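Positions are given from 1, in the same order as the sequence printed here. Predicted, not measured: the structure shown is a model, and the values here were computed from it.
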Amino acid sequence: MDYFQLLCSIGVVLLALYYYYTSTFDHWRNRGIPGPRPTVLVGNFGDVFFKKISFSAKTKKLYNEYKDEPVFGMFEGMTPILGVNDLDLIKDVFIKDFSVFADRGMPSFPKAEPLGDTLFSQKPDKWRPMRAKLSPVFTSGKLKEMFPLILECASNLDKYINDVAEKGEPAEFRDIAGKFTTDVIGHCIFGINMNALGDKDSEFRKMGKRIFNPTLKLFFRDVLRQFTPTLYGRIGHLLQPEGVDDFMINVIHDTIKYRKENNVFRPDFVNMLMDLKEHPEKLQNMELTDTVLAAQAFVFFAAGFETTSSTISHALYELAQHHDMQDKLREEIKSAYEKHGKNLTYEVIKEMKYLDKVFKETLRLYPVLPMVTREAIENYTLRGTKYTLEKGSKVWILVSGIHRDSNIFPNPDVFDPERFNDDAVAARHPMAYMPFGVGPRNCIGARFANYQSKIGIITILRNHKVDICEKTRIPYEADPKYFLMTLKDGMNLKLIKA
């Protein structure tokens with residue numbers, strides 16, 4: 001074969017690949033759905049792929065470009081994605097016609113991701129019985145039982161931040177909050193002393209960082225997962241965070257073994273997993289291996305410590321810039337302690353109205369997930385339109401865009417807890433605010449995250465003030481290396497004894 005033939009062969013292969021990777025790009029145009037022009041391989045997320053913009057910033061930008069349209073089309077790689085903007089249509093997807101959209105549309109890679117079969121990602125037939133059996137762990141009654149355990153962790157946090165304040169140096173509060181939430185989850189959900197606040201070498205804290213800290217290895221994992229799923233399914237296990245899977249499987253296995261051998265009972269998440277393992281008939285269509293049980297523990301550990309620590313640190317970031325709001329909240333905290341004594345209760349925190357507004361406004365500005373995904377499990381015609389979603393079609397609701405829509409929240413980039421006065425909330429569409437999702441498949445741990453976050457904020461602000469310092473990045477810029485919204489260069493603030 002001469003060079004000309006070789007070049008022609010290469011050209012044919014490249015053309016074939018180009019045709020393959022652009023073969024879906026007329027999907028929305030053929031259906032009369034507006035949307036941005038995609039690029040080969042990366043679809044509409046090339047700037048995210050090359051780390052030029054954060055995912056949260058990108059979804060907000062896409063929403064703003066098409067927010068006057070009820071729906072619009074975009075592409076994640078080759079995959080067509082329908083963005084739903086109309087709040088009534090969102091209510092149909094999440095609630096009214098939930099049976100059609102009970103699937104999150106997340107792919108499964110059993111070999112590459114041993115802990116991937118989680119409540120968050122499971123298909124509807126597995127998710128329904130698992131959700132029903134795990135939900136009792138997160139009722140208000142169970143949370144009240146866990147409350148003293150959370151307060152015990154808060155006492156350790158108080159000692160820790162006293163030491164931070166005495167040093168008089170700026171501190172990275174996302175890391176501090178992450179240590180606290182790791183301890184709370186360990187204590188309340190797994191019955192294990194993780195000691196993340198007291199031990200800088202805590203194994204649980206190390207594992208948490210490995211899950212979320214961006215590395216070149218995890219970058220290649222995500223690339224393969226997105227663009228060559230077949231290959232990823234075969235070799236993806238080589239690209240996972242080192243030791244995390246084995247660590248979590250061993251922790252759950254050893255904890256269950258110890259409790260059975262020593263007749264230990266705790267009303268927590270692990271006990272619920274033990275009950276499921278002893279009574280597998282409670283879950284249909286699912287083999288309850290140690291790996292499946294560990295997967296449920298893994299998703300609560302990973303989501304719990306990362307999302308709650310993010311909410312605590314973002315609240316402190318805003319309060320450090322708004323001293324009037326911080327003073328108002330600190331006065332409410334002071335009054336609660338004066339009225340009810342040293343040990344707060346579940347009911348007392350529930351009565352703290354301004355704290356609740358601060359918490360909700362923080363999640364409006366900094367939602368845990370920038371979007372919520374669904375997949376149609378049958379053909380579905382969108383109400384009021386002629387457009388029919390085919391079975392298997394992907395749907396995204398861009399929470400980061402809706403939460404900062406100026407038509408819904410005036411001056412949307414301004415931190416204003418008064419947006420959550422009762423009359424203001426009643427005047428808004430119920431789908432205008434969904435930090436934990438809505439409908440039957442909302443976040444199972446939302447109530448736990450709510451109180452865990454509030455206790456963390458109370459503990460830090462009860463005897464201290466937070467302020468900005470020379471290391472604080474203002475205005476806010478999300479780090480493009482992270483999928484979840486994370487302040488670039490860290491959440492650096494100054495802590496002052498008050």
Side-chain angles (χ1 to χ4, degrees), residues 51 54-56 112-116 118 120 153 156-157 160-161 163-164 170-190 192-223 225 236-252 294-314 316-317 366 368-370 445 449 452-453 456 460 471 473 478-493:
K51 309 301 180 183
S54 69
F55 192 80
S56 57
E113 300 173 356
L115 300 183
T118 70
F120 184 81
C153 294
N156 294 332
L157 173 62
Y160 186 91
I161 61 172
D163 293 339
V164 171
E172 210 290 296
F173 273 82
R174 187 167 176 270
D175 182 60
I176 293 174
K179 291 176 179 178
F180 166 65
T181 55
T182 299
D183 281 351
V184 172
I185 293 165
H187 215 23
C188 298
I189 305 300
F190 304 125
I192 299 172
N193 181 12
M194 295 187 177
N195 198 28
L197 280 167
D199 180 7
K200 65 179 181 179
D201 296 320
S202 166
E203 283 297 311
F204 280 94
R205 186 63 182 143
K206 286 181 180 179
M207 293 301 155
K209 288 185 176 181
R210 286 182 191 177
I211 295 168
F212 289 100
N213 283 359
T215 63
L216 186 60
K217 180 180 179 180
L218 297 188
F219 172 76
F220 282 121
R221 178 198 67 178
D222 294 343
V223 170
R225 197 179 196 277
H237 62 285
L238 302 174
L239 299 173
Q240 304 304 322
E242 184 178 355
V244 171
D245 292 345
D246 290 341
F247 177 79
M248 188 59 65
I249 292 170
N250 290 336
V251 164
I252 295 302
Q296 312 318 313
F298 168 76
V299 74
F300 283 108
F301 168 68
F305 98 80
E306 175 65 22
T307 57
T308 307
S309 63
S310 173
T311 301
I312 292 172
S313 58
H314 279 125
L316 296 174
Y317 174 78
Y366 309 103
V368 171
L369 292 175
Q452 182 185 201
S453 298
I460 293 170
K471 291 185 177 181
R473 178 177 285 273
D479 193 329
K481 298 191 300 293
Y482 291 84
F483 173 74
L484 299 179
M485 191 178 284
T486 304
L487 180 63
K488 194 172 184 179
D489 301 328
M491 194 67 70
N492 298 295
L493 300 171

A side-chain contact here means heavy atoms from C-beta on lying under 4.5 Å apart; do [X] and [Y] qualify?
X	Y	value
Phe219	Pro214	no
Leu487	Arg174	no
Lys481	Thr486	no
Arg221	Pro241	yes
Ile249	Leu115	yes
Met491	Leu316	no

What are the two closest non-hydrogen atoms of [X] and [Y], and how far apart are they?
X	Y	answer
Met485	Ser310	O-OG, 3.8 Å
Ile252	Ala294	CG1-CA, 4.0 Å
Asn213	Leu218	O-CD1, 3.5 Å
Val244	Phe298	CG1-CE1, 3.8 Å
Ala478	Ser56	CB-OG, 4.1 Å

Query raised in the report: Just how far is it from atom CD1 of Ile211 to atom CE of Met207, taken to the nearest 0.5 Å?
Result: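 So the gap between those two atoms works out to 8.5 Å.
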
Query raised in the report: How long is the gap from NE2 on His237 to CG on Asp245, to the nearest 0.5 Å?
Result: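 His237 NE2 to Asp245 CG: 11.0 Å, rounded to 0.5 Å.
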
Requested in this report: May I ask you to decide whether Glu242 forms a salt bridge with Lys217, counting only side-chain N to carboxylate O separations under 4.0 Å?
Outcome: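 No, no charged N to carboxylate O under 4.0 Å.
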
Query raised in the report: Can Lys179 and Asp183 be counted as an ion pair, charged N to O under 4.0 angstrom?
Result: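 Looking at Asp183 together with Lys179, the answer is no, because their closest N to O distance does not fall below 4.0 Å.
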
Report task. Test Phe180 against Tyr160 for side chain to side chain contact (heavy atoms under 4.5 Å, CB included), laying out the working first. Result -> CA-CA 10 Å; Phe180 166 65; Tyr160 186 91; over 6 Å; no

Requested in this report: With sequence neighbours excluded, tell me which residues meet ring pair (Phe, Tyr, Trp, His ring centres under 6.0 Å) with Phe220.
Outcome: none

Query - Steps toward side chain to side chain contact (heavy atoms under 4.5 Å, CB included) verdict (Asn492, Phe173) - result: CA-CA 6 Å; Asn492 298 295; Phe173 273 82; over 6 Å; no

Report task. Have a look at Thr181 and tell me which of Thr307, Thr308, Leu157 forms a side chain to side chain contact (heavy atoms under 4.5 Å, CB included) with it. Result ->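 Of all the options given, the one that passes is Thr308.
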
Query raised in the report: Any donor-acceptor pair under 3.5 Å linking the side chain of Tyr317 with the backbone of Arg473?
Result: yes

**Report entry** Flag, side chain of Gln240 to backbone of Ala112, donor-acceptor distance under 3.5 Å
**Finding:** yes

**Report entry** Partners passing side-chain contact (heavy atoms from CB on, under 4.5 Å) against Leu369 (at least two apart in sequence or in another chain)
**Finding:**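 side-chain contact (heavy atoms from CB on, under 4.5 Å) check on Leu369 returns Phe120, Phe483, Leu484.
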
